[in-house]
Amino acid sequence: QSQLVESGGGLVQPGGSLRLACAASGFDFEYYSIAWFRQVPGKEREGVACIMKQEDSARYADSAKGRFTISRDNANNVAYLQMSDLKSDDTGVYYCAAAAYYSGDYYYTVWLHENEYDFWGQGTQVTISS
């Protein structure tokens, strides 16, 4: 059974940092691209960052550039989202997702499209508040 499980969410003050983890099982993790999405109540889910097999291939939403870093550990089937300088607008449920792309540039043209992803985690709540 293919599965993604997020962890690391919580309550953080503005300006603080948090690292989310996404543990994968049941599929060939290294051959899947991983993305983080987030959703605020009343709004559509939005892409935050993505990464293909190689760690130097990450892409970020404008809201995440310079503050968030996505990475992956293919040996241990885990992806991470390191978030710093957190703002109240970063509050939401964060989901990781896996898409069956491991090479080429096509994925970067579609990474924001939810229907490109084969597996989704259950989400982890991130709350930024003083």
Side-chain angles (χ1 to χ4, degrees):
Q1 181 181 358
S2 302
Q3 192 174 17
L4 294 171
V5 179
E6 301 95 338
S7 61
L11 173 63
V12 179
Q13 291 186 343
S17 299
L18 208 57
R19 188 175 81 156
L20 307 182
C22 171
S25 61
F27 62 97
D28 287 330
F29 178 77
E30 68 174 321
Y31 292 105
Y32 280 71
S33 295
I34 300 297
W36 286 93
F37 287 76
R38 67 184 179 194
Q39 187 166 29
V40 177
K43 293 187 177 181
E44 293 187 354
R45 190 154 50 184
E46 62 176 358
V48 175
C50 71
I51 188 169
M52 293 191 77
K53 180 180 180 180
Q54 303 302 323
E55 287 202 4
D56 60 356
S57 61
R59 297 290 188 273
Y60 297 90
D62 288 343
S63 59
K65 288 179 182 177
R67 300 187 301 125
F68 294 5
T69 301
I70 188 172
S71 62
R72 63 189 297 162
D73 178 352
N74 291 330
N76 291 297
N77 294 350
V78 182
Y80 300 97
L81 184 67
Q82 177 69 48
M83 305 185 293
S84 61
D85 190 21
L86 285 162
K87 309 176 189 301
S88 58
D89 288 348
D90 296 317
T91 294
V93 179
Y94 283 68
Y95 300 88
C96 63
Y101 297 101
Y102 67 94
S103 65
D105 296 330
Y106 176 73
Y107 171 65
Y108 296 124
T109 69
V110 298
W111 78 273
L112 292 171
H113 301 172
E114 294 185 33
N115 59 1
E116 295 290 335
Y117 292 88
D118 301 282
F119 313 119
W120 289 83
Q122 83 290 347
T124 185
Q125 176 70 46
V126 172
T127 303
I128 312 304
S129 176
S130 55

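If you read the sequence from its start, that first residue is 1, and numbering goes on from there. Note that the structure is predicted; figures quoted are calculated from it, not measured. These numbers come from the heavy atoms of this one structure, side chains and all, not from hydrogens, waters or symmetry mates.
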*Asks:* Got a donor-acceptor contact below 3.5 angstrom from the Ser17 side chain to the Ser84 backbone?
*Replies:* no

*Asks:* Taking the six-membered ring for Trp, is the centroid-to-centroid distance between Phe68 and Tyr60 below 6.0 Å?
*Replies:*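 Between Phe68 and Tyr60, the centre distance exceeds or equals 6.0 Å.
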
*Asks:* Scan side-chain atoms only and decide if Glu116 and Tyr101 contain a donor-acceptor pair under the 3.5 Å cut-off.
*Replies:* yes

*Asks:* Are Phe119 and Leu81 linked, directly or through intermediate hydrophobic residues, by side-chain heavy-atom contacts shorter than 4.5 Å (ILVMFWY only)?
*Replies:*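 Cluster IDs for Leu81 and Phe119 match.
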
*Asks:* May I ask you to decide if Asp73's main-chain N or O and Asn76's side chain share a donor-acceptor pair within less than 3.5 Å?
*Replies:*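 Not at all, since once roles are kept as given, no pair shorter than 3.5 Å links the two residues.
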
*Asks:* Do you know the tightest heavy-atom contact between Gly121 and Tyr95?
*Replies:*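 It is O-CD2, 3.6 Å.
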
*Asks:* Same cluster or not: Trp120 versus Val110, using hydrophobic residues (I, L, V, M, F, W, Y) connected whenever any side-chain heavy atoms lie under 4.5 Å apart?
*Replies:*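 Yes, Trp120 connects to Val110 through the hydrophobic network.
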
*Asks:* How would you list all residue pairs meeting side-chain hydrogen bond (donor to acceptor under 3.5 Å, both in side chains) that involve residues 39-51, not counting sequence neighbours?
*Replies:* Arg38-Glu46, Arg45-Glu114

*Asks:* Taking only residues two or more places apart in sequence, or in another chain, which ones meet Asn115 in a side chain to side chain donor-acceptor pair (under 3.5 Å)?
*Replies:*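 Asn115 satisfies side chain to side chain donor-acceptor pair (under 3.5 Å) with no residue once adjacent residues are dropped.
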
*Asks:* Quick one: closest heavy-atom pair of Met83 and Val126, and the distance?
*Replies:*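 Scanning both residues completely, I find the closest heavy atoms to be CE-CG2, 4.1 Å.
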
*Asks:* Answer whether the closest heavy-atom distance between the side chains of Phe37 and Tyr94 falls below 4.5 Å.
*Replies:* no

*Asks:* Just do the salt bridge (charged side-chain N to carboxylate O under 4.0 Å, His left out) check on Lys65 and Asp62 with the steps written out, would you?
*Replies:* CA-CA 5 Å; Lys65 288 179 182 177; Asp62 288 343; 3.1 Å; yes

*Asks:* The criterion is side chain to side chain donor-acceptor pair (under 3.5 Å); which residues satisfy it with Thr127, sequence neighbours excluded?
*Replies:*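 In terms of side chain to side chain donor-acceptor pair (under 3.5 Å), with neighbours along the sequence ignored, Thr127 is linked to Gln125.
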
*Asks:* Does anything in residues 18-34 pair up under salt bridge (charged side-chain N to carboxylate O under 4.0 Å, His left out), and if so which pairs, sequence neighbours excluded?
*Replies:*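 Of all non-adjacent pairs touching residues 18-34, those that pass salt bridge (charged side-chain N to carboxylate O under 4.0 Å, His left out) are Glu30-Lys53.
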
*Asks:* For a quick test of reading the model, state the closest non-hydrogen atom pair linking Ala35 to Tyr117 and the distance between them.
*Replies:*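 Scanning both residues completely, I find the closest heavy atoms to be CB-OH, 3.3 Å.
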
*Asks:* In the structure I gave you, are the side-chain heavy atoms of Leu20 and Gln82 within less than 4.5 Å of one another anywhere?
*Replies:*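 Counting from C-beta outward, Leu20 and Gln82 never come under 4.5 Å.
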
*Asks:* Quick check against the 3.5 Å criterion: does Ser2 have a side-chain atom that pairs as donor or acceptor with the backbone of Gly26?
*Replies:*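 Judged by distance alone, yes, a pair lies under 3.5 Å.
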
*Asks:* Same cluster or not: are Val78 and Leu18 linked, directly or through other Ile, Leu, Val, Met, Phe, Trp or Tyr residues, by side-chain heavy atoms under 4.5 angstrom apart?
*Replies:*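 No, Val78 does not connect to Leu18 through the hydrophobic network.
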
*Asks:* Evaluate the side-chain proximity of Ser129 to Leu11: yes if any heavy-atom separation is below 4.5 Å, no if none is.
*Replies:*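 Heavy-atom side-chain distance check passes, below 4.5 Å.
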
*Asks:* Treating Asp118 as the side-chain partner and Ala100 as the backbone partner, does any N or O pair qualify as donor plus acceptor under 3.5 Å?
*Replies:* yes

*Asks:* Return the set of residues passing side chain to side chain donor-acceptor pair (under 3.5 Å) with Tyr80 (not counting sequence neighbours), or none when no residue passes.
*Replies:*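 Side chain to side chain donor-acceptor pair (under 3.5 Å) list for Tyr80, sorted by chain: empty.
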
*Asks:* Provide the closest heavy-atom pair for Val48 versus Ala64 in the form atom of the first, atom of the second, distance.
*Replies:* O-CB, 3.7 Å

*Asks:* Would you say the side chain of Met52 lies within less than 4.5 Å of the side chain of Ile34, judging by non-hydrogen atoms?
*Replies:*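 Not touching, per the 4.5 Å side-chain cut-off.
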
*Asks:* Is the shortest side-chain heavy-atom distance between Trp36 and Glu6 below 4.5 Å?
*Replies:*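 With C-beta onward as the side chain, the pair touches.
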
*Asks:* Please identify each residue that fulfils disulfide bond (SG atoms under 2.5 Å apart) with Cys50, with sequence neighbours left out.
*Replies:* none

